[in-house]
Amino acid sequence: MTVESSLVTPLLLEFPFEWTYLRSIVRVSLYVSLVAVALSTLCSLPIALAVGFTEFRGKTLLTSVINTGMGFPSVVVGLVVLFAVSNQGPLGSFDLVFTAEAMIVSQFVLATPVITGVSLAAVSSVERTVRDAAFAMGGTRVDVALVTIKEARYGIATAVLAGFGRAISEVGSVLIVGGNIVGPDGTSKTRTLTTAIQLEARQGRFETAMMLGAILVVLVLVVNAFVVRLGRGDGGYR
Amino acid sequence: MTLAARDVHHGYGDDPVFDGTSLSVSPGEVVAIIGPSGVGKSTLLRLLALFDRPDGGTVEYDGEDVWNASERRRLAYRRRIGMVFQETSLFDASVRRNAEYGLRVRKSWPDRLRDELRGFLGRTNGTVDAVEALETVGLAEKVDQDAASLSGGEAQRVAFARALAYDPEVLLLDEPTSDLDPRNTAVLEDAVLQAKNSGIGVAIATHDMHQAERVADRVAVLLGTGIIEIGETETVFDDPADDRTRKFIDGELVY
């Protein structure tokens, strides 16, 4: 590692930190956000389909609650999650305080309303006749749900992107539940790009903060491009 | 094969649509359901297509009360029925994917996953049945086009082929030509008669009397909260038993 960093650092001229340190921050950021968004998507899609398809009392209220959740203050979420994973909390036995997994929990809570809300709008906009056609041709409920997801695929891709954007750019809650920790070996334990930027900026190292910011933006762009391609791609559907 | 609604009562909220009405479809016949807009033609077809359970009465397939059968059996019955809707209802996919949908959902999950994987790798080999069904409506050459690129008439013809591709015993058509030009209407009516001649039982809801006269063996007149008259097409049109039928056919306001 030291060989690599001594090789890379001179190339980048005044690269202001260790290569391994930077890599570990990017790794933690991506790990936490991608896992949280994946879990959140698995949870959100069935909810969006169930709410979108069925008529029940309180549907408008539930939709409002989901939409309100999209703008829920992340610091409050962090505080609640910190309480939940603390020794006295309901998840206390998992010993999650100041771990990447605790950050996954808080990002999951933040991303789920976004992904559910945007997916719900996408699923609801699929024409009823299209669902009816799938059913009439002998489709089961699962088939009808799959057809709906395929019809709403652009909207769902947008939902996942919005959720990922919320997760990876999040500072407040990951700072509270993760603690912005770097291990004794100098690599990130719970430090993400955002919390690192916050720290560097507070310590007056603006160049470093700017560089980390640029990396974060590039990461978001790369993931967006990938998901948009996945959503646009037909996967043999055409 | 006989699909029948027997003495069905059905409504939305306190508003009754049917107050005990019956209709059956036998193999190789075309039954036209005529009646004014909003009288429940679509609702009757949806009951026959096993979309909704009637509030009262039974829907029977070969004499079995479908809603008292197991869910698996009901699915098997559903898969012997094809349906075409008034509105365009094609999936946002190729004509081929649309035409093969009914066949696809009938396959086992491992087979479906294998087919999807082959499709993903670009190794699709279309089924013969889907192309044959498209030939019936004269659109076999459009099999690899995007469904979104079709005209309204072509889209409806694909919707018809899609329902035909899996060899149903019954076809339920809900005003399939109401938005179509005369040429596309003629193609679809031909396809209906072909389906009938191959032994399929067809029920077609229409507000076009001439269409009913052209394609139907029997006509059911839906007025008020049920079928007021049903009989041979000629008899119903030339010598209706119910005065309201005569008025409706003559274009007088009866509702």
Side-chain angles (χ1 to χ4, degrees), chain A residues 42 45-46 48-50 52-60 118-119 121-160 226-238, chain B residues 42 45-46 48-51 71-72 74-107 109 112 115-124 144-148 159 162-166 168 171-172 174:
Chain A
L42 285 178
L45 275 187
L49 287 169
F53 283 6
T54 42
E55 295 302 324
F56 54 91
R57 278 171 72 93
K59 180 172 172 170
T60 316
V118 180
S119 301
V123 163
S124 304
S125 69
V126 173
E127 295 286 338
R128 186 193 156 139
T129 49
V130 171
R131 286 192 271 137
D132 281 353
F135 185 81
M137 281 188 278
T140 59
R141 253 174 293 188
V142 174
D143 293 317
V144 175
L146 285 176
V147 161
T148 310
I149 289 174
K150 280 178 178 170
E151 292 289 310
R153 58 193 182 277
Y154 304 128
I156 291 170
T158 308
V160 172
F226 178 73
V227 175
V228 166
R229 213 183 134 76
L230 211 67
R232 291 256 167 83
D234 37 47
Y237 186 51
R238 293 208 171 261
Chain B
S42 299
L45 287 182
R46 286 176 75 89
L48 286 170
L50 312 179
F51 271 81
E71 197 159 336
R72 180 187 280 266
R74 198 156 48 244
L75 176 65
Y77 282 132
R78 273 208 295 122
R79 289 185 169 174
R80 291 156 73 175
I81 301 170
M83 189 162 182
V84 178
F85 303 88
Q86 182 182 352
E87 305 89 1
T88 314
S89 55
L90 294 188
F91 305 138
D92 177 19
S94 67
V95 170
R96 182 191 300 282
R97 290 283 299 187
N98 270 284
E100 288 176 349
Y101 184 80
L103 296 165
R104 202 155 55 240
V105 295
R106 282 161 178 74
K107 289 183 183 171
W109 279 104
R112 285 173 72 174
D115 289 353
E116 293 294 325
L117 194 64
R118 289 172 67 95
F120 190 72
L121 298 172
R123 289 190 214 135
T124 35
D144 288 317
Q145 275 193 21
D146 225 340
R162 188 170 69 162
L164 211 58
Y166 51 88
L171 265 179
L172 305 173
D174 190 0

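Values below: all heavy atoms of this structure, side chains included; hydrogens, waters and symmetry mates excluded. So you know, we letter chains A, B, ... as the sequences are listed, proteins then strands, and number each from 1.
Of the atoms belonging to B:E71, it is side-chain heavy atoms, and not backbone ones, that fall under 4.5 Å from chain A. For A:V126, no part lies near chain B; criterion is any non-hydrogen pair under 4.5 Å. Proximity to chain A is absent for every atom of B:Y77, based on heavy atoms less than 4.5 angstrom apart. Contacts of B:R80 with chain A are absent, with no heavy-atom separation under 4.5 Å from either backbone or side chain. Heavy atoms closer than 4.5 Å to chain A are found in the backbone of B:I81, but not in its side chain. Looking at B:L172, there are no atoms closer than 4.5 Å to chain A (heavy atoms on both sides), in backbone or side chain. For A:R131, no part lies under 4.5 angstrom from a heavy atom of chain B.
Other residues, nucleotides and ligands contribute at most 12 non-hydrogen atoms within 6.0 Å of the CZ atom of A:R128.
Within the 4.5 Å cutoff, the side chain of A:T140 has no heavy atoms near those of the B:V105 side chain. Taking 4.5 Å as the limit, every side-chain heavy atom of A:F135 sits out of range of all side-chain heavy atoms of B:M83. Contact annotation: the side chain of B:F85 never approaches that of A:V130 to less than 4.5 Å [non-hydrogen atoms, C-beta and beyond]. When side chains are defined from C-beta on, B:R97 counts as touching A:K150, because their heavy atoms get closer than 4.5 Å.
Taking all atoms of both residues into account, the shortest heavy-atom contact from B:Y166 to A:A136 is OH-O, 3.5 Å. Smallest separation of non-hydrogen atoms from A:T129 and B:S89: O-CB, 3.5 Å.
The OH atom of A:Y154 sits 5.5 Å away from the CG atom of B:D92 when rounded to the nearest 0.5 Å. Atom CG of residue B:L90 and atom CD of residue A:E127 lie 12.0 Å apart, to the nearest 0.5 angstrom.
When B:K107, B:R104, B:R112 are each tested for a salt bridge (charged side-chain N to carboxylate O under 4.0 Å, His left out) with A:D143, only one passes: B:R112.
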Steps toward side-chain contact (heavy atoms from CB on, under 4.5 Å) verdict (B:E87, A:D132)
CA-CA 11 Å; B:E87 305 89 1; A:D132 281 353; over 6 Å; no
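The backbone N or O of A:M137 sits nowhere less than 3.5 Å from a side-chain atom of B:R162 that would complete a donor-acceptor pair.
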